[in-house]
Amino acid sequence: MRRSEIPSLDDLRAFETIARKGSVRAAAEELALTHGAVSRRAANLAGSLGLTLLEPDGRGLRLTQDGAQLAAAATQAFGLLSRTLQEIRHRQSAPPVLLSCERSLAMRWLIPRLSSFQDRHPEIEVHLSTGGGTLDFARDRIALALRRLDFPLQPDWSVQSLMPERVGPVHQPKLGDAFQKGDYVAIGSTTRPDAWQNWLREHPDAPKPRSMRMLDHHFLVIEAALSGLGVALCPRVLVRQDVNQSRLAAPYGFDPDGTAYGLISPKTAASSAGTAALCAWLFQVAAEDRA
């Protein structure tokens, strides 16, 4: 149908309202128009289509067969438009969920999985902020934070444990012999300066490194290991895929270090539907990773 063949929506709305309400007077009240204006619009529609849509029935009107068919289609179409506009307005009025996440965890664990949440909840907009340590929810407008729980927690925070932290050394598979001989560089993160010493103390049979190198973040540590620069001490959650796909070897596996990752939110703020959905998805993904 060409656009020139589409009747006036005002005329179609007037006719649909007459059909739905049963009279011109009732339609005029709903549309806030005069009786004459509604009658003219219905007559204009019939004239533009070349059809008889309404016919006299005593003191009132009744739908012809064509009129009944058109009225049913118009009611369905206007209903679809109304529901669509409501969904759009709701989506536009719902603020995005601001999630704060530690930088390495965001890059190596969260972002590669986040598209599955967006596919499941296209109506929820998630904004990601990277950072670690303590939080100021009000100042930074954060709805939810994902943190390793290794810093003081405030009494006005709601904290839910997400998954335990497990750490272990990883290296390129071809460096296995050098590692066992102690001919390797131990690579660690400045965010956990004592991690290598603690791990070596708990594994006295493990070969000692010939030297140690510290990088600023775990995502840099992992890239160094993938590039063959040494043996990196890393959280399992950040390198699980690399180990499963044999890009990295984990000769001693991964041991719990007594900490855990958790979801933190302010107790004083009401949780939105978007925040609740994001929390539920994060718990599901974490459970799949543990399994």
Side-chain angles (χ1 to χ4, degrees), residues 99-114 116 130-133 144-153 159-173 175-176 179-180 184-209 212-227 229-264 279 281-291:
L99 170 63
S100 174
C101 183
E102 294 182 356
R103 186 175 285 106
S104 293
L105 191 63
M107 295 178 65
R108 299 283 305 178
W109 183 78
L110 178 61
I111 291 176
R113 294 163 172 78
L114 196 55
S116 68
T130 57
L144 187 66
L146 177 51
R147 291 285 191 275
R148 180 171 175 254
L149 304 177
D150 61 345
F151 61 97
L153 304 175
V159 181
Q160 304 176 77
S161 181
L162 185 65
M163 52 188 169
E165 178 68 298
R166 304 175 70 89
V167 297
V170 295
H171 56 71
Q172 274 191 352
L175 297 182
F179 173 71
Q180 294 301 331
Y184 71 94
V185 176
I187 304 174
S189 172
T190 58
T191 59
R192 306 185 195 180
D194 300 326
W196 261 112
Q197 287 84 353
N198 294 337
W199 187 86
L200 289 168
R201 184 173 60 252
E202 293 169 4
H203 297 80
D205 60 326
K208 307 300 185 288
M212 189 170 296
R213 183 178 303 170
M214 305 299 285
L215 302 178
D216 286 342
H217 299 284
H218 273 111
F219 67 86
L220 298 175
V221 171
I222 295 166
E223 288 301 316
L226 288 167
S227 300
L229 297 180
V231 179
L233 191 66
C234 294
R236 174 187 178 275
V237 68
L238 303 184
V239 294
R240 185 178 68 87
Q241 293 282 10
D242 299 294
V243 173
N244 288 347
Q245 296 172 14
S246 299
R247 291 193 294 267
L248 291 173
Y252 281 77
F254 299 90
D255 303 318
D257 72 348
T259 65
Y261 293 97
L263 294 178
I264 307 173
C279 277
W281 175 79
L282 286 167
F283 275 108
Q284 178 184 340
V285 174
E288 291 170 355
D289 268 12
R290 291 196 301 271

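Just so you know, these numbers use all the heavy atoms, side chains as well, and skip hydrogens, waters and symmetry mates. All values reported here derive from a predicted model rather than from experimental measurement.
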Specify the closest pair of heavy atoms between [X] and [Y], including all atoms of both residues, with the distance to one decimal.
| X | Y | value |
| --- | --- | --- |
| P169 | F179 | CG-CZ, 4.5 Å |
| S104 | H218 | OG-N, 3.2 Å |
| G168 | W199 | CA-NE1, 4.3 Å |
| V170 | C234 | CG2-SG, 4.1 Å |
| A225 | A232 | CB-CB, 3.7 Å |
| L263 | F283 | CD1-CE1, 3.7 Å |

Flag, side chain of [X] to backbone of [Y], donor-acceptor distance under 3.5 Å:
| X | Y | result |
| --- | --- | --- |
| T190 | D216 | yes |
| R166 | R236 | no |
| S189 | T191 | yes |

- Message: Under the criterion side-chain contact (heavy atoms from CB on, under 4.5 Å), I'd like the reasoning laid out for L105 against V237: C-alpha separation, chi angles, the key distance, then a yes or no.
- Response: CA-CA 8 Å; L105 191 63; V237 68; 3.9 Å; yes
Out of curiosity, [X] [atom1] to [Y] [atom2], how far, rounded to the nearest 0.5 Å?
| X | Y | atom1 | atom2 | answer |
| --- | --- | --- | --- | --- |
| Q172 | L248 | CD | CG | 7.5 Å |
| E288 | S116 | CD | OG | 8.0 Å |
| L238 | I222 | CG | CD1 | 4.5 Å |

With a 4.5 Å limit on heavy-atom distance, are the side chains of [X] and [Y] in contact?
| X | Y | value |
| --- | --- | --- |
| L149 | T259 | no |
| W109 | C101 | no |
| N198 | D257 | no |
| L282 | L110 | yes |

- Message: What I want to find out is whether R108 reaches E223 closely enough, with some N-O distance under 4.0 Å, to be called a salt bridge.
- Response: yes
- Query: Are any of the side-chain nitrogens in E165 or R192 under 4.0 Å away from the carboxylate oxygens of its partner?
  - Reply: yes
- Where do V185 and L229 land on the side-chain contact (heavy atoms from CB on, under 4.5 Å) test, with the steps shown first? CA-CA 7 Å; V185 176; L229 297 180; over 6 Å; no
- Measure the acute angle between the ring planes of Y184 and W196, then classify it against the limits of 30° and 60° as parallel, tilted or perpendicular. tilted
- Task: Please work out whether the ring planes of H203 and Y252 are parallel, tilted or perpendicular, with thresholds of 30° and 60°.
- Result: perpendicular
- Does R247 CZ have over 12 foreign heavy atoms under 6.0 Å away? yes
- Quick one: salt bridge (charged side-chain N to carboxylate O under 4.0 Å, His left out) partners of R240, sequence neighbours excluded? D289
- Which is it for V221 and L233 under the side-chain contact (heavy atoms from CB on, under 4.5 Å) test, yes or no, and what are the steps along the way? CA-CA 8 Å; V221 171; L233 191 66; over 6 Å; no
